[in-house]
Amino acid sequence: MNKIVFTHSVDSIISKFASLFLAIYFLKITDGNIVSVVTYYLFKYSLNGLFSYLSLKCINKKNVLNMYRLGLFSNGLCLFILLLMGKNVVDYIYLYAILDCSTSIFYWSAYKMILYNFKGDKQLKKLFSYNSIVTSIISILSTVGMGYIIVNTSYSVVIIIIIILMILALIMTFRLNKYEFNINKIKLSNLKYALKDKHAQAIYSISFFEGMGLRGGLATTITLIIFLTLGTESSLGNLNAIFGLLGLITSLFVKKYLKEKNNKKAFVISALAILIITIPIIFISSFTVFIIYNIVFNIAYQIIQILVDTAVFDIHSNETIKKYYLEYTFIGEAIHGFGKALSELVLLIVVIYSFNLSSLRIAAAILSFSILLQALVYIKVKKRRNFNEGN
């Protein structure tokens, strides 16, 4: 478990760079063309379904770890191309979106096959708690470090450092446990079975609302608000490091104290906390209020994220999904990508109408409501699972 957590944590640095600093980099090299930046993410996420299918088509029970290594390598290659192109990437920004989407999906498809080897709420929650703890630590260090390096040197130095770390993670994959993968090749004719399953349908809904939240346009919106208010990548990194520290403390709490019987209650309380703190940012144009929103959000969302990931992968009692892992993964990824793309579309509409801090705060509030809807679906999933276990 520790080795897969380590290799995934290195990939999380790429995710942090992409979600936190890449949008600002594109904003700078396009001379503040926010429409172009948001359209980049909208286009990228709309391709999730296509590249998910293509990557899963390549996977079989014998080559998962090799595909995982290839995913890490391709992520590093994508950054290397960004390094070579520099500011010229603006001329090929949508071609780069295709490359960015394909390499990240390649990685995630293989990573999810590995996660299916972990069984039960307790084991999965332990895995995702460790993941959250390690990624939170890395988030604290990397965001401060990346922000400082960008301000004092350049984006190129950050990209080179990330590529070196990616090479180290790639080497570590040769020491991973020899997992057994009980998967069949993906077939379009089998999609109907994964679509009809009630348990799977609920998970797809959770994935959709997750995409609408912090995994999509909400992350872009919050990054833009903080950067436009503070003005430098260093300040952006420092503030996100504080949020990362809150996430770390929350992950430790979940790992040690949160029992399975309290999952539903914790999810609902967290979702309601986000809903309550979201309302003031619609009506009050204050950065202090926005900081309070982020503090509450990062604590509550960390709990939600661990529980959502556990629910998505705790499907070993479902014989249909076990038989159609790849189809289930493809549909979930396509719907997740649709949620991300839709959230970026909401943001795009807002910034076309009016690009200022007030409109961005309203966009953040609108997208935050998806988390409450996610909680309602989660309750249904837990009820269905308890009902099935009772029978």
Could you tell me whether [X] atom [atom1] has more than 12 heavy atoms of other residues or ligands within 6.0 Å of it?
X: Tyr94; atom1: OH; answer: yes
X: Lys192; atom1: NZ; answer: yes
X: Phe80; atom1: CZ; answer: no

Tell me whether [X] contacts the main-chain N or O of [Y] through its side chain, where contact means a donor paired with an acceptor under 3.5 Å.
X: Gln201; Y: Leu195; result: yes
X: Tyr107; Y: Phe73; result: no
X: Asn190; Y: Lys187; result: no
X: Ser354; Y: Ser359; result: no
X: Ser343; Y: Gly217; result: yes

If you round to the nearest 0.5 Å, how far is [atom2] of [Y] from [atom1] of [X]?
X: Met212; Y: Lys340; atom1: CE; atom2: NZ; value: 13.0 Å
X: Gln374; Y: Ile206; atom1: CD; atom2: CD1; value: 6.5 Å
X: Ser102; Y: Lys44; atom1: OG; atom2: NZ; value: 10.0 Å
X: Leu165; Y: Leu72; atom1: CG; atom2: CG; value: 12.0 Å
X: Leu342; Y: Ile335; atom1: CG; atom2: CD1; value: 13.0 Å
X: Ile186; Y: Tyr325; atom1: CD1; atom2: OH; value: 15.0 Å

message: What verdict does the side-chain contact (heavy atoms from CB on, under 4.5 Å) test give for Ile352 and Leu348, after you've listed the backbone C-alpha separation in whole Å, the side-chain angles of each residue and the deciding distance to 0.1 Å?
response: CA-CA 6 Å; Ile352 288 175; Leu348 181 62; 3.8 Å; yes
Quick check: is [Y] connected to [X] through a chain of hydrophobic side chains (ILVMFWY, heavy atoms under 4.5 Å apart)?
X: Ile276; Y: Leu367; value: no
X: Ile269; Y: Ile299; value: no
X: Tyr92; Y: Leu77; value: yes
X: Met166; Y: Phe174; value: no
X: Leu357; Y: Val38; value: yes

message: Please enumerate all residues that pass ring-ring contact (aromatic ring centres under 6.0 Å, His included) together with Tyr40, with sequence neighbours excluded.
response: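 Tyr40 satisfies ring-ring contact (aromatic ring centres under 6.0 Å, His included) with Phe26 only.
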Measure across [X] and [Y] and return the closest heavy-atom pair with its distance rounded to 0.1 Å.
X: Ala363; Y: Thr221; value: CB-CG2, 4.2 Å
X: Ser74; Y: Thr103; value: O-CG2, 3.4 Å
X: Leu65; Y: Ile114; value: CD2-CD1, 3.9 Å
X: Ile303; Y: Ala266; value: CG2-CB, 4.1 Å
X: Cys58; Y: Asn63; value: O-ND2, 2.9 Å
X: Leu56; Y: Leu326; value: CD1-O, 3.4 Å

field: Ser109 versus Glu333, side-chain donor and acceptor atoms under 3.5 Å
entry: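 Looking only at side-chain atoms, Ser109 and Glu333 do not form any donor-acceptor pair under 3.5 Å.
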message: Using the rule given for side-chain contact (heavy atoms from CB on, under 4.5 Å), can you reason through Val350 versus Tyr353, listing the C-alpha separation, both sets of side-chain angles and the distance that settles it, and then say yes or no?
response: CA-CA 5 Å; Val350 169; Tyr353 177 74; 5.9 Å; no
task: Output, in order, the C-alpha distance, side-chain angles, deciding distance and verdict of side-chain contact (heavy atoms from CB on, under 4.5 Å) for Thr329 and Met113.
output: CA-CA 9 Å; Thr329 303; Met113 295 305 111; 3.3 Å; yes
Do the non-hydrogen side-chain atoms of [X] and [Y] ever get within less than 4.5 Å of each other?
X: Phe51; Y: Ile98; result: yes
X: Ser368; Y: Leu218; result: yes
X: Ile203; Y: Tyr328; result: yes
X: Leu27; Y: Leu224; result: yes
X: Ile93; Y: Phe43; result: no
X: Leu22; Y: Asp100; result: yes
X: Leu170; Y: Arg69; result: yes
X: Asn66; Y: Leu70; result: no

- prompt: Which other residues end up in the same hydrophobic cluster as Tyr324, if Ile, Leu, Val, Met, Phe, Trp and Tyr are linked when side-chain heavy atoms come under 4.5 Å apart?
  reply: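 Its cluster partners, ordered by chain and number, are Tyr193.
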query: Are Tyr53 and Leu188 close enough, and set up right, to give a side-chain contact (heavy atoms from CB on, under 4.5 Å), and what steps lead you there?
result: CA-CA 9 Å; Tyr53 179 78; Leu188 289 175; 3.6 Å; yes
- prompt: Do the ring planes of Tyr111 and Tyr68 sit parallel (below 30°), tilted (30 to 60°) or perpendicular (above 60°)?
  reply: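 Because their plane-to-plane angle is under 30°, the rings of Tyr111 and Tyr68 count as parallel.
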- prompt: Mind checking what makes side-chain hydrogen bond (donor to acceptor under 3.5 Å, both in side chains) contact with Ser156, not counting sequence neighbours?
  reply: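 Ser156: no side-chain hydrogen bond (donor to acceptor under 3.5 Å, both in side chains) contacts found.
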